[in-house]
Protein chains: 2
Amino acid sequence: MKNITIKDVAKHAGVSIGTVSKVLNEKGYVGKETRKRVSEAIKTLNYQVNANARSLKAIRTKKVGMIVSYISNYYLMSIAKTIEDTLRSMGCHMLVMSHNENEQTERELLQLILEQRVEALVLIPTGANKDLVQLVIDQNIPVILVDKKVEGITTDLIVDDNYYGSYESISYLQSLGHNRIGVIYGLLKNSVGKERLEGALDAIEKLNCSSDKNLIMPGDFNEIKAYESATELLLLPNPPTAIYCCNNTMTVGLLKAINDRGLSIPDDISVITFGDVAQWELVKPPLTLMTQPLKRIGVEAAILLKNRLTMEEDYSPIQLVIKPELQIRSSCAKPAFKHS
Amino acid sequence: MKNITIKDVAKHAGVSIGTVSKVLNEKGYVGKETRKRVSEAIKTLNYQVNANARSLKAIRTKKVGMIVSYISNYYLMSIAKTIEDTLRSMGCHMLVMSHNENEQTERELLQLILEQRVEALVLIPTGANKDLVQLVIDQNIPVILVDKKVEGITTDLIVDDNYYGSYESISYLQSLGHNRIGVIYGLLKNSVGKERLEGALDAIEKLNCSSDKNLIMPGDFNEIKAYESATELLLLPNPPTAIYCCNNTMTVGLLKAINDRGLSIPDDISVITFGDVAQWELVKPPLTLMTQPLKRIGVEAAILLKNRLTMEEDYSPIQLVIKPELQIRSSCAKPAFKHS
DNA sequence: TGTAAATAGTGAAACGTTTTATCAAAGTGG
DNA sequence: CCACTTTGATAAAACGTTTCACTATTTACA
């Protein structure tokens with residue numbers, strides 16, 4: 001079951017392979033009659049160009065790589081979708097891979113990217129593997145970092161303003177009168193995790209909230225750990241009157257913990273989270289949160305990508321820091337009076 | 001900024017390109033000393049094999065295509081993740097694309113798949129484009145259909161038992177005493193949508209529920225339409241005591257409609273849905289639903305894929321129909337007495 | 001009518017690999 | 001010491017395209 005090649009088409013149509021190529025790529029001069037004969041040969045033989053051979057000769061591979069942390073993550077895939085649509089409109093396509101926040105895996109994927117001769121790379125990095133990322137850049141492959149930066153690398157970057165989002169979240173709670181605010185934070189080796197915690201901590205300090213260290217608990221960006229930390233928080237002799245949770249996944253754990261202790265939001269405790277998901281509007285009560293402007297990030301990334309793909313000249317890296325927005329719903333209220 | 005080729009490495013190490021190739025692929029005889037020199041040359045030159053050139057000569061492209069309907073869909077991407085992991089362990093990688101249920105887009109993607117000479121294709125089809133799907137199969141590329149079938153195509157298939165899931169959902173409601181059951185169904189040109197509706201309809205008939213046609217409303221698999229239909233259902237002079245909603249997206253609309261009318265679940269109305277998502281456990285009350293065994297589907301698809309990739313011989317297509325499971329939580333209760 | 005430009009088609013080189021046939025040296029066993 | 005086999009390395013062919021240099025015909029227009 002040999003594959004049909006351009007040679008077969010040429011023979012079938014009685015022309016040279018150069019002519020077939022011209023028909024295929026709509027380049028150069030081909031007679032009307034000949035074009036038709038060739039087209040028909042292609043049809044009847046079910047010929048398909050071999051993209052590998054094509055990108056071997058032609059420099060353009062029409063491939064763009066996208067490496068994300070989690071492929072089943074709604075936030076990331078929303079961005080991916082926007083990018084994919086843009087690419088398709090440019091006749092390119094996308095290689096998607098996920099490293100699951102594993103640095104070794106990311107190494108292998110970057111290696112693959114290099115081998116595949118993609119024309120650009122959209123990377124949600126682990127934060128490590130600076131050497132390989134730099135290597136990709138050195139090969140003149142445009143790299144767009146999304147969501148997270150890699151220390152020591154200067155290239156295009158699109159991130160949420162995590163610090164700002166956290167600061168504002170705490171600030172909002174404080175404005176409602178809370179001054180014992182619990183925080184469940186994510187992995188700190190992750191720049192997102194770090195920035196969100198720092199924003200929260202700075203806000204707590206500057207706004208004169210209680211800076212009880214016991215109220216700041218790790219959630220490791222996972223549901224289980226968040227559940228445990230939340231439970232601990234709730235069992236404190238003098239528990240917080242509000243909890244700020246640094247991402248969606250951990251919020252699932254937090255809410256379960258609150259449920260399991262029979263507490264009610266916002267009467268017993270206020271809750272605010274960083275990150276949006278359709279269902280947070282349906283939880284009772286609907287969650288107040290900091291939304292990441294998903295669409296915006298996706299669109300910006302896509303635009304940037306398009307520019308990088310069409311621009312030949314050198315360019316200077318663009319850094320986009322996108323501010324999240326406070327979405328006020330019903331999970332935060334004034335703190336109840338407590339006789340401590 | 002020319003790319004480094006195998007030729008450069010050969011020159012740098014003072015050997016022939018054949019030898020470099022042998023080192024690269026760990027094939028044939030290479031002297032210990034030579035191997036070292038070559039390896040060093042590769043390191044210092046930062047050489048990266050050109051995967052395109054490689055797959056031109058070697059038949060294996062190490063690429064598997066995956067075409068899904070929506071790339072930001074949690075259900076599909078969970079499956080994709082499992083498959084991707086398996087592939088990586090086999091040294092292959094995945095081309096992910098989405099057709100957004102657009103048949104023309106699917107055509108283009110299938111074309112791309114053909115051109116890319118992938119070794120296998122995992123396809124969540126629109127249901128159309130039978131000709132192109134068949135063409136892929138004819139090229140001896142194993143095709144695994146997931147989630148949905150394509151009429152007239154026989155190949156590997158892994159689907160939920162949608163009919164069963166719907167039937168059981170209605171059956172559960174009926175067992176609680178409901179006999180005016182509303183249904184919000186999805187797109188019917190979609191086999192999933194069709195099967196789910198049929199299961200529900202058959203159950204309603206066989207179990208002697210009221211077969212009031214007004215209770216069966218389209219939701220088109222989207223939130224807005226579902227919201228409208230749900231609202232209509234709730235405004236009926238004699239509204240249903242329970243509603244079965246055929247997928248997650250539509251359930252968002254349904255719940256919003258119920259909220260907006262100030263109704264309470266399950267006191268005023270019972271709700272059951274087809275499809276799981278972490279947040280459905282956190283909604284008040286936690287939703288009773290039919291879960292699709294995501295992990296199972298992903299794993300089965302991955303295993304099947306692995307087999308197809310390693311098996312040379314012809315094989316007969318496997319059809320896997322996986323039963324969803326009823327997950328009882330608190331959104332369904334006995335119907336309240338109504339003086340109609 | 002003559003000449004340049006436009007049109008139509010060809011053959012061969014090039015892209016960066018892998019593979020195959022070949023050669024040469026070095027071990028091996030009788 | 002001879003006839004193998006094993007080991008080590010090479011040059012050239014092949015993979016399926018695109019592109020470039022060329023030839024040959026037709027068209028345009030001054």
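The sequence lines fix the lettering, A, B, ..., with proteins before strands; numbering per chain opens at 1.
- Straight-line distance from the CD1 atom of B:Ile6 to the P atom of C:dT19: 11 Å, rounded to whole Å.
- Residues A:Ser89 and A:Thr86 bring no donor and acceptor atom of their side chains to less than 3.5 Å of each other.
- Rounding to whole angstrom units, CD of residue A:Gln116 and P of C:dT17 are separated by 13 Å.
- Straight-line distance from the CG atom of B:Leu56 to the C1' atom of D:dT18: 12 Å, rounded to whole Å.
- The residue among B:Gly18 and B:Arg117 whose nearest nucleotide of DNA chain D lies closer to the 5′ end is B:Gly18.
- One finds no salt bridge joining B:Lys62 and A:Glu115 here, because no Lys/Arg side-chain nitrogen approaches an Asp/Glu carboxylate oxygen to under 4.0 Å.
- One atom, CG of A:Asn50, and another, P of D:dG16, lie 7 Å apart when rounded to the nearest Å.
- A salt bridge links B:Glu300 with B:Arg296: the distance from a Lys NZ or Arg NE/NH1/NH2 to an Asp or Glu carboxylate oxygen falls below 4.0 Å.
- When the P atom of D:dT18 is taken as reference, atom CZ of A:Arg60 falls 14 Å away, rounded to whole Å.
- Comment: B:Lys36 does not engage B:Glu40 in a salt bridge, judged by the lack of any side-chain N to carboxylate O separation of less than 4.0 angstrom.
- In the region residues 19-40 of chain B, proximity to DNA chain C at under 4.0 angstrom, judged on heavy atoms, holds for B:Ser21, B:Asn25, B:Lys27.
- Protein atom NZ of B:Lys57 is 11 Å distant from nucleotide atom C1' of D:dA12, rounded to whole Å.
- Considering only heavy atoms from C-beta on, B:Met94 stays 4.5 Å or farther from B:Val122 through its side chain.
- Residue A:Thr5 has no polar side-chain atom (N or O) positioned under 4.0 Å from OP1 or OP2 of D:dG16.
- Computed from coordinates, the A:Glu115 CD to C:dT17 P distance equals 10 Å when rounded to whole Å.
- The NZ-P distance, from A:Lys7 to C:dA12, rounds to 12 Å in whole Å.
- Using a 4.0 Å cut-off between charged side-chain N and carboxylate O, B:Glu103 and B:Arg107 make no salt bridge.
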